[in-house]
Q: 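Before I ask anything, here is the structure I am working with.
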2 protein chains.
Amino acid sequence: MGRRRVTLADVASAAGVSPTTASLVLSGRGEELRISATVQQRVKDVAADLGYRPNILSVGLRKGSGLALGFVSDTVATSLLAGDMIKGALEAAHERGLMLFIGETEGDPAVERRLIDALLDRQVDGVILASMFTQTRPLPEGLDHAPAVLLNALADMPRPRIPSVVPDELEAGRAAARLLVEAGHREIHLIGAGPGPDDTPPGTVAGRERLQGILEVLGEAGLRPASGHVHPDWLPPFGWETTRRILDSGRRGTAIITFNDRLAFGAYQAIHEAGLTIPGDVSIVSFDDAPLADWLRPGLTTFAIPHYELGRRSVELVLEAISGRDEAGARGSVHRVPMPLRERASVAPPRPAR
Amino acid sequence: MGRRRVTLADVASAAGVSPTTASLVLSGRGEELRISATVQQRVKDVAADLGYRPNILSVGLRKGSGLALGFVSDTVATSLLAGDMIKGALEAAHERGLMLFIGETEGDPAVERRLIDALLDRQVDGVILASMFTQTRPLPEGLDHAPAVLLNALADMPRPRIPSVVPDELEAGRAAARLLVEAGHREIHLIGAGPGPDDTPPGTVAGRERLQGILEVLGEAGLRPASGHVHPDWLPPFGWETTRRILDSGRRGTAIITFNDRLAFGAYQAIHEAGLTIPGDVSIVSFDDAPLADWLRPGLTTFAIPHYELGRRSVELVLEAISGRDEAGARGSVHRVPMPLRERASVAPPRPAR
DNA sequence: TGCCCGTGCTAAGACGATTTAGCAAGCACG
DNA sequence: CGTGCTTGCTAAATCGTCTTAGCACGGGCA
């Protein structure tokens, strides 16, 4: 109970040496500074005996580092979508003996500013700025004192000073289109963005890049989207309503690409309510791999946002920045993490023409 | 760039006073210690001018406190379900100028142990032990050095030393049953637990208490569940399969209580696939209020787990414990937060008997 | 004149570690 | 015998802040 913590001084006096010696031994610099094996062993034994654990605040004070990173997000911790991003960052940090301070800004730049200050006051060694949705964003001031990384976001400036980690949306877009084209589909509807390359919800990188990849592959196959439907909120109601309109129109097509899984959920509802089946009548490909995707019947084929991997990479990048190993060009580089395909049961070749 | 931080000594010398005086003034003890108004003003002006911000590591070292709390969860940050719990804790902490260290154990006691140690090394002032699902759990050792609170969990011992915050599942169970009974339902199926009071998945407090509340109200109305179906994983497939069996059985009933929203999702699928309607043929009440509940068609009537509020309360409780205001009986007390009803469209009176 | 007291401020020592500079003893060498 | 190098360890400063003890000054009182 309430026993005072064991300090370095306690260890030193119990081992009959000076605090200096104890410090040297315990920080592994014993050899280098020629402390005799006898003494080294004695100090280590005593430290273990007493259950000595260094006070990290003190170490931080001395070394000017807090042995911690800051993770500032808009709504990642909260939004039930990207928890794995935090998990990846958390694990990568813990593996290196670092802790993670997490903060949420709700997208408010003033809150962000305050949070960053609070983190710097605590001597964090680096800061990760995470976004829920891939987006371009301005860099906050005050980040000159610690290395930083953008997670799931790009800086809205020509030559940013800090690196970014983002999913490879472009390639995922290509792969999604390829999947359908290779299955034989020619009439493909787009829900969430399109049909033109500039028909994207404002501010979303994901939408723009996915669309670009899709159009690229479609174009190579000599196709254009059967239709495209932009909407700022990618939620089930819009997916439901749009799908109904598509089914009611004369030109139902054979496949739909939804820009996220929640739109796909809405599409499922509309298709089932119309008495049609997936993938028999309509194939669906989507993006995100939310838990939902696995619960839908039939299972939704979708390209996963590699949240866990993104989180891990982000801390690796801050650490590189901290140790100064990010020379020259790496400064503002963009790291793209592949989006793996989760193949389930919502894609099939179109029904043979009657 | 890279300008060294402004320290207290800088402020003091710029203001022409001793560090002591500067410290006194800036920590608001100027009056008490009779520093002249002139000097006080001068120090404050200089501090503001220089943009002085205290080094919290140093303060912590001196005061033996880290101005931070630890939030250790099994899979809360990660699991896409209880993000609001973190948000509530985060906001309550930030309001008081505290930061939150977050860690995830994945349910591994060894990891938990290490994490708690790491937090204590960093001189956190208190620790919140959070669970994804309400459960009883043993208390980890090593928590003697800092106040702690159980969030969404109960200690599995007779007289625990630390308080708990949990949703009021019992009352929610009663309210759910009451809702259906008052709408006129007599044949009510239970999916997730029941029909007997001991038919609950192992280790879940939520299941036991919800069931108890339901049976209590049903009993008062002279009813018993039409059927009950226990399962350790409350996921859509079990909801789907069980609902199918219920519909196929001779005794379809008029209402279902699902023990969480994902089970309800499965029930929706089965009901729709059977060509029946909600709430015309079957009413459904559920628990959790996951985002899903709002996306289902028709909207799912459900009792929300007050994640945000739980998170906030937990921080308030640790802080009470820290400041020692939790006298006597409060030590191991259990705080129950009400589960608000989210009334949507999945409940209606049963069809009049033909 | 001498003593006491209030006013307004400062010196100096923590807090717990790291690190630089350096001391003492033993030995070799010229 | 003096000098210089190794070996093995320690004293003391340092990080930035808080806090205890106390100093210097001036006025009131006996």
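Hydrogens, waters and symmetry mates play no part in the numbers below; they use all other heavy atoms, side chains included. In what follows, chains carry the letters A, B, and so on, assigned in the order in which the sequence lines appear, proteins first and then strands, with residues in each chain numbered from 1.
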Q: Of all residues at least two apart in sequence or in a different chain, which pass the salt bridge (charged side-chain N to carboxylate O under 4.0 Å, His left out) check with A:Arg42?
A: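 With neighbours one apart ignored, the set is empty.
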Q: Between A:Leu57 (CG) and C:dT18 (P), how many Å, whole number?
A: 13 Å
Q: Can you check the B:Ile56 CD1 to D:dG16 C1' distance for me, whole Å?
A: 12 Å
Q: Hey, can you pull the residues of residues 15-31 of chain B with a non-hydrogen atom under 4.0 angstrom from DNA chain D?
A: B:Thr20, B:Ser23, B:Leu24, B:Arg29
Q: Could you verify whether a donor N or O on one side chain and an acceptor N or O on the other, from A:Thr21 and A:Ser18, lie under 3.5 Å apart?
A: yes
Q: How large an angle, rounded to 10°, do the end axes of the helix from C:dT1-D:dA30 to C:dG30-D:dC1 enclose when each is built from five base pairs?
A: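 Axis angle across the helix from C:dT1-D:dA30 to C:dG30-D:dC1, nearest 10°: 90°.
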Q: Only pairs under 3.5 Å count here: list side-chain donor-acceptor contacts from residues 96-103 of chain A, not counting sequence neighbours, and write none if there are none.
A:
residue, atom, partner, partner atom, Å
A:Arg96, NH1, A:Ala92, O, 2.8

Q: Whether A:Arg312 and A:Glu309 form a salt bridge (side-chain N of Lys/Arg under 4.0 Å from carboxylate O of Asp/Glu) is what I want to check.
A: no
Q: Have a look at B:Ile162 and tell me which of B:Val318, B:Val149, B:Leu150 forms a side chain to side chain contact (heavy atoms under 4.5 Å, CB included) with it.
A: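 Only one option passes, and that is B:Leu150.
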Q: Which residues, if any, of residues 32-51 of chain B bring a heavy atom under 4.0 Å of DNA chain D?
A: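 Under 4.0 Å from DNA chain D: no residue of residues 32-51 of chain B.
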Q: Please tabulate, for side-chain N and O atoms in residues 108-117 of chain B, each donor-acceptor pair with protein atoms closer than 3.5 Å (sequence neighbours left out).
A:
residue, atom, partner, partner atom, Å
B:Asp108, OD1, B:Ala110, N, 2.7
B:Asp108, OD1, B:Val111, N, 3.4
B:Glu112, OE1, B:Arg137, NH2, 2.8
B:Glu112, OE2, B:Arg137, NH1, 3.0
B:Glu112, OE2, B:Arg137, NH2, 3.3
B:Arg113, NH1, B:Glu141, OE1, 3.4

Q: Does anything in residues 5-62 of chain A form a ring pair (Phe, Tyr, Trp, His ring centres under 6.0 Å)? List the pairs, not counting sequence neighbours.
A: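 Matches after skipping sequence neighbours: none remain.
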Q: Ignoring hydrogens and angles, tell me if any N or O in the side chain of A:Asp74 forms a donor-acceptor pair with the backbone of A:Thr105 under 3.5 Å.
A: no
Q: Using side-chain contact (heavy atoms from CB on, under 4.5 Å) as the criterion, list what pairs up with B:Leu151, not counting sequence neighbours.
A: B:Phe71, B:Met85, B:Ile128, B:Ala130, B:Val165, B:Leu310, B:Ser314
Q: Please list, in numerical order, the residues of residues 60-68 of chain B that have a heavy atom closer than 4.0 Å to any atom of DNA chain C.
A: B:Leu61, B:Arg62
Q: Measure the shortest side-chain to side-chain distance between A:His94 and A:Glu91 over non-hydrogen atoms and say whether it is less than 4.5 angstrom.
A: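 Sidechains of A:Glu91 and A:His94: no contact.
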Q: Taking salt bridge (charged side-chain N to carboxylate O under 4.0 Å, His left out) as the definition, give me every residue that meets it alongside B:Asp125, ordered by chain and number, with sequence neighbours left out.
A: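 Here no residue qualifies.
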Q: B:Arg34: what forms a salt bridge (charged side-chain N to carboxylate O under 4.0 Å, His left out) with it, not counting sequence neighbours?
A: none
Q: Please list, chain by chain and in numerical order, all residues satisfying side-chain hydrogen bond (donor to acceptor under 3.5 Å, both in side chains) with B:Ser13, sequence neighbours excluded.
A: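 Here no residue qualifies.
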